[in-house]
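Below, each value reflects all heavy atoms present in this structure, side chains not excepted, and no hydrogens, waters or symmetry copies. Sequence lines set the chain letters: A, B, ... in the order given, protein chains first and strands last, and positions in each chain run from 1.
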There are 2 protein chains.
Amino acid sequence: LVSLKGITRVYGEGAAEVRALDGIDLEVRQGDFVAFMGPSGSGKSTCLNVLGCLDVPTTGSYAFAGVEVTDLDQVQRALLRRHYLGFVFQGFNLLARTSAVENVELPLVYRGMSSRERRIRALEALDEVGLLEWQSHKPNELSGGQQQRVAIARALVSGPQVLLADEPTGNLDSERGRDIMRVVQKLNRDRGITIVMVTHEEEIAAYADRTVHFLDGRIARSEVSKAQ
Amino acid sequence: LVSLKGITRVYGEGAAEVRALDGIDLEVRQGDFVAFMGPSGSGKSTCLNVLGCLDVPTTGSYAFAGVEVTDLDQVQRALLRRHYLGFVFQGFNLLARTSAVENVELPLVYRGMSSRERRIRALEALDEVGLLEWQSHKPNELSGGQQQRVAIARALVSGPQVLLADEPTGNLDSERGRDIMRVVQKLNRDRGITIVMVTHEEEIAAYADRTVHFLDGRIARSEVSKAQ
Ligand SMILES: Nc1ncnc2c1ncn2[C@@H]1O[C@H](COP(=O)(O)OP(=O)(O)OP(=O)(O)O)[C@@H](O)[C@H]1O
Ligand SMILES: Nc1ncnc2c1ncn2[C@@H]1O[C@H](COP(=O)(O)OP(=O)(O)OP(=O)(O)O)[C@@H](O)[C@H]1O
Ligand SMILES: [Mg+2]
Ligand SMILES: [Mg+2]
């Protein structure tokens, strides 16, 4: 489904150059569940952003479902994202002035769904992450972990084919983190959703089928998960 | 040093009422290192904000160094904060348009320090969290974990008497999280800085002397750390 070849992402020039990605080769098949781990600053979010068509690589090839994404323009990438992808951002990126349920409904607006249908689906997604009671709260009326769960619900509500999640349990206590991971794992097993998840917690990475380890903008090694 | 008695923090009214803190009694002595743990939404950040004079309780008493904080006005609370406290926010709260070093210098501006002295101290603080090379980067040119470390450096740069940290390692890989915890523990042991830290990771809470467990806006229990 996804094939990265020789991907680099370079910021700045000369002495100030930062090679956020420095030669990435990666294959992800439909229905895979992959975890990205690695030190702070090693390129995990940058790689996820390239996969999510939110960032364009400096060099290299990115094929998604046979389409060469680096050949697409910004409009075409936006359409691809909207159609296939759900994204949980490291910083959540919720709209500050709108309620939790309206934040979660947002991806459905593009699908030409009725407002009644959008509301039902958004409430179901919030229920799945334990936040049904909080649906009318704005982000600043929610705890850090509650905001993170709203971001997760929003990424899932449109039933995407691919879920890209950047540290989705970073602000959650262990029990809640496990609840979310069971939801995510079930989506992968029952509905074949492809998942790429950045995490720095080994117990969370263990829910994936394999873990790719980043170091200094490269992939240092890959490990298959033991416990299933 | 710090004494909370019967603290509540209530949002909304009637059926929509949220009791974020529902009767908190807590004593923290000078030089203590306390961890707050508990489920998402249980009141940890709210309690830390009350301690940090960033939020005013609905009822109850908060005595800081013998001063009744609930009797102070907003200006007096701001002065108290500036003088005694360093704060690491759950969402970092960095200034988006300024560089890492300028963000870290900010607390020192209030101390009437020369700009040369501020710069030296800010660079030392950044060095302590492993970010000296990144001092000129703006927040959007930094990874999530790097932004978190800038927030930590900023909280420490003015040598506060009390450090309040809301999930300071939530975006850091385990090794970097341990580095930060060693810095923090050293400040507590060598310089007697009082530390209250929210975390949801047991290995991080283990650096504290004791852990206070929150549940539904109350303190459910308190545990002394074993390993020292
Ligand atoms: N402005 C507000 N209006 C209504 N409820 C609020 C408001 N701010 C916070 N809350 C609620 O207060 C409760 C406690 O929030 P708090 O941020 O202290 O939790 P927390 O323990 O830090 O959670 P987390 O681990 O998710 O960060 C939450 O249920 C939250 O939704
Ligand atoms: N606009 C930019 N200009 C310069 N450097 C950048 C920019 N954006 C990101 N970087 C750098 O690229 C590197 C990789 O960043 P990335 O966000 O992918 O790391 P990460 O693995 O997600 O880290 P973390 O675990 O801390 O979230 C970092 O060193 C970061 O400072
Ligand atoms: Mg990241
Ligand atoms: Mg919190």
>> Which atoms of A/Q146 are under 4.5 Å from chain B, going by heavy atoms: the side chain, the backbone, both sets, or neither?
In response: both

>> Show, in sequence, the C-alpha distance, side-chain angles and deciding distance for B/F36 and B/F214, and conclude whether the ring pair (Phe, Tyr, Trp, His ring centres under 6.0 Å) test is met.
In response: CA-CA 7 Å; B/F36 284 178; B/F214 282 74; 4.8 Å; yes

>> Counting heavy-atom pairs under 4.5 Å with chain A, which one of B/T199, B/V18, B/L172 comes out on top?
In response: B/L172

> Which of the residues A/P39, A/S45, A/S42 is involved in the greatest number of heavy-atom pairs with chain B at under 4.5 angstrom?
Replying inline: A/P39

>> For B/R9, is there an ion pair with B/D22 - N to carboxylate O distance below 4.0 angstrom?
In response: no

> What part of A/V198 is in contact with chain B, defined as an atom under 4.5 angstrom from a non-hydrogen atom: side chain, backbone, both or neither?
Replying inline: neither

>> Strictly distance-based, threshold 3.5 Å: is any side-chain N or O of B/E223 a donor or acceptor partner for the main-chain N or O of B/T211?
In response: no

> Should the pair A/R119-A/E105 be classified as a salt bridge under the 4.0 Å nitrogen-to-oxygen rule?
Replying inline: yes

>> Salt bridge or not between A/R176 and A/D173? Use side-chain N to carboxylate O under 4.0 Å.
In response: no

> Measuring heavy-atom distances to chain B, does A/E201 have an atom under 4.5 Å in its side chain, in its backbone, in both, or in neither?
Replying inline: side chain

> Does A/T70 use its side chain to pair, donor to acceptor, with the backbone of A/S61 at less than 3.5 Å?
Replying inline: no

> So which part of A/S40 gets closer than 4.5 Å to some heavy atom of chain B, the side chain, the backbone, both or neither?
Replying inline: both

>> If I measure from the heavy atoms of chain A, does B/S136 come under 4.5 Å with its side chain, its backbone, both, or neither?
In response: neither

> If you count heavy-atom pairs under 4.5 Å with chain A, which of B/S174, B/G41, B/G12 comes out on top?
Replying inline: B/G41

>> So for A/T46, is it side chain, backbone, both, or neither that comes closer than 4.5 Å to the heavy atoms of chain B?
In response: neither

> Can A/V162 and A/I193 be said to form a side chain to side chain contact (heavy atoms under 4.5 Å, CB included), step by step?
Replying inline: CA-CA 6 Å; A/V162 182; A/I193 293 179; 6.0 Å; no

>> I'd like to know which of A/Q147, A/K44, A/R149, A/E202 tops the heavy-atom pair count under 4.5 Å against chain B.
In response: A/R149

